Engineer: 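Submitted below is the structure of interest, expressed as structure tokens.
Being a predicted model, the structure only gives us computed values, none of them experimental.
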Amino acid sequence: MKTLGLIHGMSAVSTIDFYEQVNTRVNDALGGNDSADMLLASVNFGNVDRWVQVGDWDALRTYLVQKATALAAAGADFLAIGSNTGHIAADAISQTVDLPLLHVGDAVAEEAITRGARTVGLLGNRVVTELPFYRAKLESRGLDVLTPSSADRDFAHRIVFDELSHGVFTEQSRNELIRIMRSLCAGGADIIILGCTEYGLLVTDTDAPDIPRLDTNAVYIEAVAKAILD
């Protein structure tokens, strides 16, 4: 079993789910009382929020590189970032830390292609939908990427920091996110990528089951658990 070095805390709500789900999958594979060997570097999400709102990407990258460096020194065998937004630092981490980094974009692209998608609708906060780091990963695998309108991107961004990261899941926000998902499908998306770790907690599999969607958190957890067990 490999030791996972996990950067998370973005947010605490999704970190709890990530931790539980990875351990569940490892236990399903190994049985008994076995669980994942895991080191966790949990960030101050307030720092992440402040840097995101002002667009200080250098500060955010530096902060996450420091977390990755600490995990490597503590004995991690490989790294994962349990946040789509946090992957803004993936290249900087790979250039600084001599450990393999499992990238969410690779796992998501592979799953989308496996499901037969050619065009994906990307939902996320403005970091994920407007900066090139995430879209480029998907496009490098031959996928076309659609994003919501500016007003819908504002909504998708706001609820991450004002609601979901605080564990607030309202029917109003759920219905609005479903509307945006339908809009992306109407625009030509074969599948919707829920590019925020909390979106899958807001819109579950039983909500609007007719909309094809890919929960990045679930896909990434499967990939991380497999890497631990390999």
Side-chain angles (χ1 to χ4, degrees), residues 1-30 33-49 51-52 59-111 124-125 127-128 133-134 137 160-161 164-165 167 193-201 214-230:
M1 185 189 300
K2 293 186 177 69
T3 298
L4 165 64
L6 175 64
I7 302 172
H8 216 322
M10 300 170 276
S11 64
V13 172
S14 58
T15 304
I16 293 168
D17 181 64
F18 196 101
Y19 179 86
E20 289 180 343
Q21 293 296 330
V22 167
N23 278 299
T24 294
R25 282 156 178 76
V26 171
N27 182 257
D28 286 346
L30 300 180
N33 286 314
D34 279 313
S35 57
D37 277 323
M38 188 186 312
L39 300 169
L40 172 62
S42 187
V43 307
N44 176 357
F45 190 57
N47 286 337
V48 176
D49 185 3
W51 292 324
V52 165
L60 179 54
R61 289 187 185 97
T62 298
Y63 184 55
L64 297 181
V65 167
Q66 290 170 349
K67 296 296 183 182
T69 301
L71 288 169
D77 294 315
F78 75 101
L79 300 172
I81 308 169
S83 156
N84 292 277
T85 300
H87 280 78
I88 190 174
D91 286 346
I93 288 171
S94 294
Q95 292 165 8
T96 306
V97 180
D98 189 23
L99 284 179
L101 169 64
L102 185 59
H103 198 294
V104 67
D106 289 326
V108 168
E110 182 175 345
E111 182 66 18
N125 63 37
V127 183
V128 170
F133 71 96
Y134 204 99
K137 267 290 180 183
V160 171
F161 293 94
L164 308 185
S165 63
I193 294 176
L194 300 179
C196 166
T197 50
E198 286 90 4
Y199 286 162
L201 300 175
L214 190 159
D215 182 350
T216 59
N217 202 40
V219 171
Y220 195 46
I221 284 169
E222 291 288 352
V224 168
K226 183 177 183 298
I228 290 170
L229 292 164
D230 280 350

Engineer: Look at the aromatic rings of Phe45 and Phe161 and report parallel, tilted or perpendicular, splitting at 30° and 60°.
Structural biologist: parallel
Engineer: Provide the closest heavy-atom pair for Val108 versus Ile193 in the form atom of the first, atom of the second, distance.
Structural biologist: CG1-CD1, 3.7 Å
Engineer: Could you go through Thr197 and Ser14, starting from their C-alpha distance and side-chain angles, then the distance that decides it, and tell me whether this counts as side chain to side chain donor-acceptor pair (under 3.5 Å)?
Structural biologist: CA-CA 6 Å; Thr197 50; Ser14 58; 3.1 Å; yes
Engineer: How close do Arg61 and Ala92 get, heavy atom to heavy atom, and via which atoms?
Structural biologist: CD-CB, 4.5 Å
Engineer: Taking Asp34 for the side chain and Asn27 for the main chain, is one N or O donor matched with an acceptor at less than 3.5 Å?
Structural biologist: no
Engineer: Restricting to non-hydrogen atoms, name the atom on Val22 and the atom on Ala225 that form the minimum distance, rounded to 0.1 Å.
Structural biologist: O-CB, 4.5 Å
Engineer: Among residues at least two apart in sequence or on other chains, which ones pass ring-ring contact (aromatic ring centres under 6.0 Å, His included) with Phe78?
Structural biologist: none
Engineer: Does the side-chain contact (heavy atoms from CB on, under 4.5 Å) test come out yes or no for Phe18 and Leu40, once each step is laid out?
Structural biologist: CA-CA 11 Å; Phe18 196 101; Leu40 172 62; over 6 Å; no
Engineer: Check Ala90 against His103 and note the closest heavy-atom contact, atom names and distance.
Structural biologist: CB-CD2, 3.6 Å
Engineer: Search all heavy atoms of Tyr134 against all heavy atoms of Val128 and return the closest pair with its distance.
Structural biologist: CB-O, 3.8 Å
Engineer: Which residue pairs pass the side-chain hydrogen bond (donor to acceptor under 3.5 Å, both in side chains) test with at least one member in residues 85-96, sequence neighbours excluded?
Structural biologist: Thr85-Asn125
Engineer: For Phe133, which residues count as a ring-ring contact (aromatic ring centres under 6.0 Å, His included) partner, sequence neighbours excluded?
Structural biologist: none
Engineer: Provide the closest heavy-atom pair for Leu102 versus Ala227 in the form atom of the first, atom of the second, distance.
Structural biologist: CD2-CB, 4.3 Å
Engineer: Would you call Lys137 and Asp106 a salt bridge, taking side-chain N to carboxylate O under 4.0 Å as the test?
Structural biologist: yes
Engineer: Could you grab the distance from atom CD1 of Ile7 to atom OG1 of Thr15, nearest 0.5 Å is fine?
Structural biologist: 11.5 Å
